[in-house]
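Numbering starts at 1 and runs along the sequence shown. Just follow the structure's listing: the first ligand is 1, and inside any ligand the first atom is 1. Bear in mind the structure is a predicted one, so any value in this text is a computation, not a measurement. The figures that follow rest on heavy atoms only: side chains count, while hydrogens, waters and symmetry mates do not.
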Amino acid sequence: MSAALAEGHIASAVQADGPPAIQLDKVNKWYGTMHVLRDISLQVATGERVVVCGPSGSGKSTMIRCINRLEQHQEGRILVDGTELTDDVRSLDAIRREVGMVFQSFNLFPHLTILENCTLAPIWVRRMPKKDAEELAMEYLRRVKIPEQANKYPGQLSGGQQQRVAIARALCMKPKIMLFDEPTSALDPEMIKEVLDTMVGLAEDGMTMVVVTHEMGFAQQVADRVIFMDRGEVVEQGPPEQIFNRPSTDRLKLFLSQIL
Ligand code: ADP
Ligand code: MG
């Protein structure tokens with residue numbers, strides 16, 4: 001894993017062959033009468049790292065929640081690793097296993113230890129023997145640099161540590177894709193870096209990632225592409241350097257003036 005948010009952009013790991021890791025074709029979603037995703041079309045290649053930004057309420061969370069079907073879209077198609085998301089339970093199970101998700105609120109089980117939080121899904125969903133699941137969990141807890149916390153409970157850890165557990169827990173399912181929804185926005189400033197460093201390490205390992213974040217330093221170092229959403233639409237997308245330095249729409253210029 002990398003030392004830190006260092007200078008320069010880490011090498012791209014995009015694989016051109018095979019189906020896209022994620023594909024959205026003209027996806028539309030409404031909550032009641034409110035149109036929250038408008039004709040979203042998007043492809044994420046295997047190994048690609050995409051950062052999604054945009055004002056609050058623009059549909060970023062809804063879009064990534066649709067990708068692992070925590071929410072359902074009403075029009076258009078979403079394919080994950082070539083499989084279309086439908087109501088078929090088997091394909092849903094397959095997709096949930098391939099896609100790891102990390103939320104703003106860490107969502108750890110408070111009554112389970114760190115180790116138990118990490119082994120729960122491998123044991124019950126993947127049917128992995130307990131001993132193997134524990135070995136795997138320890139491997140990932142070492143990677144996020146908190147193996148010594150394995151037998152504590154979430155409430156005994158700092159926010160940054162809990163978020164790293166949440167990342168380790170997702171990795172224990174051996175996902176092909178990781179989705180992050182504002183993973184550092186609930187953290188105190190001094191803890192943001194340790195979580196971003198963990199994510200940089202994942203990117204260096206070639207993980208396909210979609211990250212909703214306003215951490216521009218992270219985006220500049222890691223993103224192959226930045227997507228700017230506003231009012232349910234993809235308004236602009238491009239390499240970080242283009243999006244942050246040469247915005248072409250007034251909506252993106254306004255957004256950047258508010259966050260930078
Ligand atoms: P973002 O993550 O960009 O802040 P969201 O995807 O959370 O935006 O929300 C997009 C819009 O959908 C907002 O107007 C929000 O209030 C609305 N919304 C989000 N979740 C729900 C829900 N479960 N029910 C009704 N409206 C929702
Ligand atoms: Mg959100």
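At least one N or O atom of Ser58 sits closer than 3.5 Å to an N or O atom of ligand 1. Looking at Val36 next to ligand 1, no N or O pair under 3.5 Å apart turns up.
Applying the side chain to side chain contact (heavy atoms under 4.5 Å, CB included) test to Ala203 and every residue at least two apart in sequence or in another chain returns Ile10, Arg49, Met209, Val222.
Using a 4.0 Å heavy-atom cutoff, Glu182 is absent from the residues neighbouring ligand 1. Residue contact annotation: Pro55 has a non-hydrogen atom under 4.0 Å from ligand 1. For the ligand labelled ligand 1, residue Gly59 lies inside the 4.0 Å heavy-atom shell.
In this pair, Phe255 and Phe228 present their aromatic rings tilted. The plane angle is within the 30 to 60° band.
Checking Thr62, Leu37, Ile64, Val52 against atom 9 (O) of ligand 1, the nearest heavy atom belongs to Thr62. Counting heavy atoms only, Met34 comes closest to atom 15 (C) of ligand 1 of the residues Met34, Arg231, Gln104, Lys29.
Ranking protein heavy atoms by distance to atom 7 (O) of ligand 1, first place goes to Ser61 CB, 3.7 Å. Closest protein heavy atom to atom 3 (O) of ligand 1: Lys60 NZ, 2.7 Å. From the protein, the heavy atom lying nearest to atom 13 (C) of ligand 1 is Gly57 O, 3.8 Å. Annotation: atom 22 (C) of ligand 1 to nearest protein heavy atom, Tyr31 CE2, 3.5 Å.
In this structure, a donor-acceptor pair under 3.5 Å is present between the side chains of Glu236 and Ser248. Residues Asp25 and Ser41 bring no donor and acceptor atom of their side chains to less than 3.5 Å of each other. With 3.5 Å as the limit, one finds no donor-acceptor pair spanning the side chains of His73 and Asn28. Residues Asp181 and Ser61 bring a donor and an acceptor atom of their side chains to less than 3.5 Å of each other. With 3.5 Å as the limit, one finds no donor-acceptor pair spanning the side chains of Asp88 and Thr86.
At a cut-off of 2.8 Å, Ser61 coordinates the Mg ion (ligand 2) through an N, O or S atom.
Using a 4.5 Å heavy-atom threshold, the side chains of Glu116 and Phe109 count as separate.
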